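Quick caveat: nothing in here was measured; it's all calculated off a predicted structure. Start at 1 and go down the list; that is how both ligands and their atoms are numbered. Heavy atoms only: backbone and side chains are in, while hydrogens, waters and symmetry mates are out.
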Amino acid sequence: MTAECIELAVVIPTFNEAANVATLVARLDAALAGRTWEAIVVDDNSPDGTADAAREIARIDRRVRVIQRIGRRGLSTACIEGMCATAAPLVAVIDGDLQHDETLLPRMLDALEGDPTLDIAIGSRFAEGGGTGNWDRDRIAKSALATRLARHVLRADLSDPMSGFFMVRTAIVRRLAPDLTGIGFKILLDIMTTSPRPLAFVELPYTFRSRTRGESKLDHVVAMEYLIALYDRMFGRLIPVRFAMFSAIGLLGVGVHMAVLSVLLFAFDTAFVAGQIVAATVAMTANFFLNNALTYRDRRLRGWRQLIDGWVSFCVVCSVGLVANVGVAAFLHDARSGTWAASALVGVLVGAVWNYALSSRFTWGRY
Ligand code: GDD
Ligand code: MN
């Protein structure tokens, strides 16, 4: 008896793609005729029943498997889990919405099987001969900006670093998996920039098809996660993402405070101390909601009870932070250990670290 060795696993991340999985598997079957492969659908418990649709196929086609993740979301982490769930030496990732050209797969396979020095084959929309189909100008511009950012910031010399369509040696992914960030959409970039040695790649052009069924999940949150991931790769070790966001929002709060205060003083003739109190309260409230929506969106407080509790504790923490800020600055100023500006700056920094450390514990660390 000769056992046929499995050559390739095709990982298909899905969220609400029930209308597309059967077509995709049929197209894989045609494109990969004569090769030994399996498909792994990684579905994040889609409400439209994608996992059931995939299991329906898997019942009669043993090459198809389903990983149904409960209570989790994220394209990158879905890809990582799928890639770690196979014994095949090569693994590809392809979108479940038929936008990637599956006929590229046998060529990726040939490239990697034919050249042992090659690590990864990447489907590229922007290499000579590739294309983005009928994208509107807005999406082309955004994609070009994201591509340029990635090229400069990460020094990844790829024509299409955002590509979600590629084939790689599975052992490489397994080795890198513990260090991948898993944030957002950019699994290819994550792999390329995490590898301690540059990966040898080849780019194969293809035309990105337009989606006919279902909806895209790439939205503003995904765009923000992308920027966060870039920041994290560049400065994350120096200044953690959360602290940077918290400080930026704090700076915005200073602006809010000054604006409110000047309106009260000049338009309403309010007494200075009363104006200060109102301005500080407005600024803290704005900061609380911004931090809740952005800095701590993964542990966001919801519902009246949590929000009021959170708001109160945030105001208490910030008030103490202000006292610490003023106290430290005054102490340094009196000790004449530097200029007034340096004293003030150290005060602000101490206040910011205080607010950050305590609010992460007492405002967003309780539920
Ligand atoms: N498991 C899982 N979990 N799958 C997801 C999730 C998720 O949270 N979000 C999206 N997907 C699946 C979709 O069902 C689809 O199969 C694939 O990931 C791509 O998602 P789309 O929502 O169709 O993204 P797109 O077409 O806008 O983005 C494409 O272009 C990007 C570059 O511009 C994709 O190819 C991306 O990979 C690529 O980075
Ligand atoms: Mn898509």
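Residue Ser216 does not count as close to the Mn ion (ligand 2), with no N, O or S atom under 2.8 Å. Residue contact annotation: Asp97 places an N/O/S atom under 2.8 Å from the Mn ion (ligand 2).
Of all atoms in ligand 1, listed by their number and element, those nearer than 4.0 Å to a heavy atom of Gly164 are 37 (O). Of all atoms in ligand 1, listed by their number and element, those nearer than 4.0 Å to a heavy atom of Gly96 are 15 (C), 16 (O). Set against the non-hydrogen atoms of Gly74, the atoms of ligand 1 under 4.0 Å away are 3 (N), 7 (C), 8 (O). Close contacts of ligand 1 with Ser216, meaning ligand atoms under 4.0 Å from a residue heavy atom, involve 22 (O), 24 (O), 25 (P), 27 (O). Less than 4.0 angstrom separates some heavy atom of Lys186 from each of these atoms of ligand 1: 39 (O). Ligand-side atoms of ligand 1 in range of Glu17: 13 (C), 14 (O), 15 (C), 16 (O), range being under 4.0 angstrom from any heavy atom. The contact set between ligand 1 and Gln99, taken as ligand atoms under 4.0 Å from a residue heavy atom, comprises 23 (O), 26 (O). Taking every heavy atom of Asp97 and a limit of under 4.0 angstrom, the matching atoms of ligand 1 come to 16 (O), 23 (O), 26 (O).
In terms of polar-atom proximity, Phe15 is counted as a contact of ligand 1, with an N or O under 3.5 Å from an N or O of the ligand. In terms of polar-atom proximity, Ser143 is not counted as a contact of ligand 1, lacking any N or O under 3.5 Å from an N or O of the ligand.
Judged purely by distance below 3.5 Å, without hydrogens or angles, the side chains of Arg69 and Thr77 pair a donor atom with an acceptor atom. Between the side chains of Gln99 and Ser210, no donor N or O sits under 3.5 Å from an acceptor N or O. Counted by atom type alone, Gln68 and Asp43 present zero donor-acceptor pairs between their side chains at under 3.5 Å. Inspection of the Thr50 and Thr14 side chains reveals no N or O donor paired with an N or O acceptor under 3.5 Å.
Between Val41 and Arg55, the closest side-chain pair of non-hydrogen atoms is not below 4.5 Å.
Note on Arg211 versus Glu17: salt bridge recorded, some NZ/NE/NH1/NH2 to OD/OE distance being below 4.0 Å. Ion pair Arg107/Asp101 not flagged as a salt bridge, since none of the NZ, NE, NH1 or NH2 atoms sits closer than 4.0 Å to an Asp/Glu carboxylate oxygen. No salt bridge links Glu113 with Arg169; every basic N to acidic carboxylate O contact stays at or beyond 4.0 Å. A salt bridge does not link Asp97 to Arg209: none of the charged nitrogens lies less than 4.0 Å from a carboxylate oxygen.
Put simply, the residue from Trp364, Phe362, Tyr296 that forms a ring pair (Phe, Tyr, Trp, His ring centres under 6.0 Å) with Phe314 is Trp364.
Proximity annotation for atom 4 (N) of ligand 1: of Thr14, Leu189, Val93, Thr14 comes nearest, heavy atoms only. The heavy atom nearest to atom 3 (N) of ligand 1, considering only Thr147, Asp44, Ile94, is found in Asp44.
Using a non-hydrogen distance threshold of 4.0 Å, Arg211 registers as a contact of ligand 1. For the ligand labelled ligand 1, residue Arg69 lies outside the 4.0 Å heavy-atom shell. Heavy-atom separations between Lys142 and ligand 1 are all 4.0 Å or longer.
By the 6.0 Å contact criterion, CZ on Arg299 is enclosed, its count of non-hydrogen atoms from other residues, nucleotides or ligands being greater than 12.
The aromatic rings of His100 and Phe165 sit parallel, their planes meeting at an angle under 30°, below the 60° perpendicular limit.
At a heavy-atom distance under 4.0 Å, only side-chain atoms of Arg125, from C-beta outward, approach ligand 1. Of the heavy atoms in Asn16, none comes closer than 4.0 Å to ligand 1.
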